[in-house]
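Take a look at the structure set out below.
One-based numbering along the sequence shown.
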Amino acid sequence: MRVLGIETSCDETGVAIYDGEHGLLAHTVHSQVDLHAAYGGVVPELASRDHIRRLTPLIRLVMAEAETRPANLHGVAYTAGPGLVGALLVGAGLGRSLAWGWGLPAIGVHHMEGHLLAPLLEEPAPAFPFVALLVSGGHTQLVQVAAVGRYRLLGESVDDAAGEAFDKTAKILGLPYPGGPALAKLAEEGEPGRYLFPRPMTDRPGLDFSFSGLKTYALNAVRDELAARKDTEQARADIARAFEDAVVETLVIKCRRAVAAAGVDRLVLAGGVSANRRLRARVDAMMAERGGRAFYPRPALCTDNGAMIAYAGHERLAAGQTEPLSFTAMPRWPLDTLPGL
């Protein structure tokens, strides 16, 4: 089965073709970073309009790179949620229309299921069951995964997601958009241990997260330390390092608890923040101590992309699941409500 995947949930236009026998044949992503940089964040209306401009040319490009014609396809998958409703409607509308015009089945894919399954595109792929940490700008979730579609939510953020906290703290530090990668880069210059930020919600049982307090802690540190220190650039780097260390250690502590509670030795990390170098190193060390292993997608598949949607769509279409001619976009869509295969 060969599937065209379309991702337009936020500010990346992603298109890919996945083949069940030959794997990922082609994929491309157009980022809207430059478009939104002037505003310091994603402007939903601009995002939707840019998806409209980019999507059809990108589909033509990927089809050509994969040497695929509509007659060679067996289905179309598109992100149906969660995300920005206008952006979702662009991909869902075009994806469902192409499927109808080409006489193919279509499937709406859950954006976070795409991230969760992205490591299965790599070699070696994790075997089921495993625990997944989905960590991005919009979500921080721990999920117990028995198989495709069989998910149990173990914990999630009660306020800001980890990626959102990275972006907001980067803005406090005066870093350019997008803030998360810029903060991680600045943190490399920071002195570890110069400042100690709290590890929120790690002093109590449970697997939920809370990162909004770290943003306030960083704001107070910037206000107090930049006024007291002469080496303000180094102070900014030290604060960035302290913030990153706090987020990373909090995530690692919760992951350790989750794999222990689930009784598994495989941990999947996915989502934009999973590309963080320090997080990967700490998680690798933690899982090695337990005699287990961590799995990640390649950096290009950590951010939003069509490859993960094509793969997730392939799994569901291969199991016989399809969408009716009508379709919907779901800005909010709990992952644990998805049907199993």
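- Put simply, the side chain of R257 gets close to the backbone of T202: a donor and an acceptor are under 3.5 Å apart.
- Across V259 and R266, no two heavy atoms sit closer than the pair CG1-O, 4.5 Å.
- Taken from OH in Y18 to CE in M1, the straight-line distance is 11.5 Å, to the nearest 0.5 Å.
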Let's go through F166 and F243 carefully: what are the C-alpha distance in whole Å and the side-chain angles of both, what is the deciding distance for ring-ring contact (aromatic ring centres under 6.0 Å, His included) to 0.1 Å, and is it a yes or a no? CA-CA 8 Å; F166 263 98; F243 172 84; 5.2 Å; yes
Could you go through the side-chain contact (heavy atoms from CB on, under 4.5 Å) check for V85 and L89 one step at a time? CA-CA 6 Å; V85 65; L89 284 170; 4.2 Å; yes
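- Remark: side-chain polar atoms of T79 are not paired, donor with acceptor, to backbone N or O of G81 under 3.5 angstrom.
- The side-chain heavy atoms of C255 and M287, taken from C-beta on, include no pair separated by under 4.5 Å.
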Test side-chain contact (heavy atoms from CB on, under 4.5 Å) applied to L121 and L301, step by step: CA-CA 9 Å; L121 288 164; L301 301 186; 3.9 Å; yes
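- A salt bridge does not link D238 with R241: every distance from a Lys NZ or Arg NE/NH1/NH2 to an Asp or Glu carboxylate oxygen is 4.0 Å or more.
- Residues V268 and V145 form no side-chain contact, since every pair of their non-hydrogen atoms from C-beta on lies 4.5 Å or further apart.
- Distance alone, capped at 3.5 Å, is enough to place a donor-acceptor pair between the N305 side chain and the M308 backbone.
- You'll find the side chain of L338 stays beyond 4.5 Å of the side chain of D336, heavy atoms only.
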All N/O donor-acceptor pairs, side-chain side in residues 323-332, below 3.5 Å, sequence neighbours left out:
from: E323; atom 1: OE2; to: G108; atom 2: N; distance (Å): 3.3

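- The hydrophobic cluster containing L35 does not contain L88, counting ILVMFWY residues as joined when their side-chain heavy atoms lie under 4.5 angstrom apart, directly or transitively.
- When only modelled atom types and interatomic distance are considered, H74 and R2 share no side-chain donor-acceptor pair under 3.5 Å.
- Distance check: T250 OG1 to L214 CG gives 6.5 Å after rounding to the nearest 0.5 Å.
- The hydrophobic cluster containing L142 also contains L269, counting ILVMFWY residues as joined when their side-chain heavy atoms lie under 4.5 angstrom apart, directly or transitively.
- Once rounded to the nearest 0.5 Å, the distance linking OG of S31 with CD of E12 reads 5.0 Å.
- At a threshold of 4.5 Å between side-chain heavy atoms, the hydrophobic network of Ile, Leu, Val, Met, Phe, Trp and Tyr places F211 and L154 in one connected group.
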Show, in sequence, the C-alpha distance, side-chain angles and deciding distance for M63 and L73, and conclude whether the side-chain contact (heavy atoms from CB on, under 4.5 Å) test is met. CA-CA 10 Å; M63 296 275 281; L73 290 171; 4.0 Å; yes
Residues N72, E67; criterion side-chain hydrogen bond (donor to acceptor under 3.5 Å, both in side chains); working and verdict: CA-CA 9 Å; N72 305 128; E67 299 180 348; over 6 Å; no
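- Considering NZ of K230 and CD of Q234, their distance stands at 16.0 Å, rounded to 0.5 Å.
- Between P126 and L120 there is a side-chain heavy-atom pair separated by less than 4.5 Å.
- Here the side chain of R282 pairs no donor or acceptor atom with the backbone of E249 at under 3.5 angstrom.
- Put simply, the side chain of T68 gets close to the backbone of A66: a donor and an acceptor are under 3.5 Å apart.
- The closest side-chain heavy-atom distance from L183 to T169 is below 4.5 Å.
- Taking 4.5 Å as the limit, every side-chain heavy atom of V143 sits out of range of all side-chain heavy atoms of V131.
- Of all non-hydrogen atoms in G93 and S97, the two that sit nearest each other are O-OG, 2.7 Å.
- Between L335 and L134, the closest side-chain pair of non-hydrogen atoms falls below 4.5 Å.
- When all heavy atoms of Y78 and A106 are compared, the pair lying nearest together is CE2-CB, 4.1 Å.
- Nearest heavy atom pair, residue S274 against residue L279, reads CA-CD2, 4.3 Å.
- In this structure the side chain of L251 reaches within 4.5 angstrom of the side chain of V135, judged on heavy atoms.
- No donor-acceptor pair under 3.5 Å is formed between the side chain of S136 and the backbone N or O of G272.
- A donor-acceptor pair is defined here as one N or O able to donate and one able to accept, closer than 3.5 Å; such a pair exists between the side chain of Q32 and the backbone of A47.
- Within the structure, the salt bridge (Lys or Arg N to Asp or Glu O under 4.0 Å) test picks out the following pairs touching residues 143-168 (sequence neighbours left out): D160-K168, D160-K215, E164-K168.
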For the pair H51 and T8, evaluate side-chain hydrogen bond (donor to acceptor under 3.5 Å, both in side chains) and give the outcome as yes or no after the intermediate values. CA-CA 7 Å; H51 287 311; T8 62; 5.1 Å; no
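- At least one donor-acceptor pair closer than 3.5 Å links the side chain of S48 to the backbone N or O of A87.
- The stretch residues 103-117 participates, sequence neighbours left out, in these side-chain hydrogen bond (donor to acceptor under 3.5 Å, both in side chains) pairs: E7-H111, S9-H111, H111-H115, H111-D304, E113-Y151, E113-R316, H115-D304.
- The shortest heavy-atom contact between P105 and A99 is O-CB, 4.2 Å.
- The minimum heavy-atom distance linking A258 with L207 is given by the pair N-CD2, 3.8 Å.
- In the hydrophobic clustering of this structure, M286 does not group with I253; members are Ile, Leu, Val, Met, Phe, Trp, Tyr whose side-chain heavy atoms approach within less than 4.5 Å, directly or through other members.
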Would you check, one step at a time, whether the test salt bridge (charged side-chain N to carboxylate O under 4.0 Å, His left out) holds for K185 with E188? CA-CA 5 Å; K185 183 177 181 180; E188 293 178 2; over 6 Å; no
Yes or no on ring-ring contact (aromatic ring centres under 6.0 Å, His included) for Y195 and F197, after CA distance, side-chain angles and deciding distance? CA-CA 6 Å; Y195 302 113; F197 280 33; 7.3 Å; no
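- A side-chain donor-acceptor contact under 3.5 Å links H36 to the backbone of V43.
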Pair D284, Y296 - check side-chain hydrogen bond (donor to acceptor under 3.5 Å, both in side chains), show working. CA-CA 10 Å; D284 282 339; Y296 320 90; 2.6 Å; yes
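- In terms of hydrophobic clustering, with Ile, Leu, Val, Met, Phe, Trp and Tyr side chains grouped at heavy-atom distances under 4.5 Å, F209 and L153 are assigned to different clusters.
- For R60, the CZ atom counts as loosely surrounded, since its 6.0 Å shell holds 12 or fewer non-hydrogen atoms of other residues, nucleotides or ligands.
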Trace of the side-chain contact (heavy atoms from CB on, under 4.5 Å) decision for I107 with T322: CA-CA 5 Å; I107 189 73; T322 61; 5.6 Å; no
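- A donor-acceptor pair is defined here as one N or O able to donate and one able to accept, closer than 3.5 Å; such a pair exists between the side chain of K254 and the backbone of G206.
- Interatomic distance, CG of D19 versus CG of L25, reported as 5.0 Å (0.5 Å rounding).
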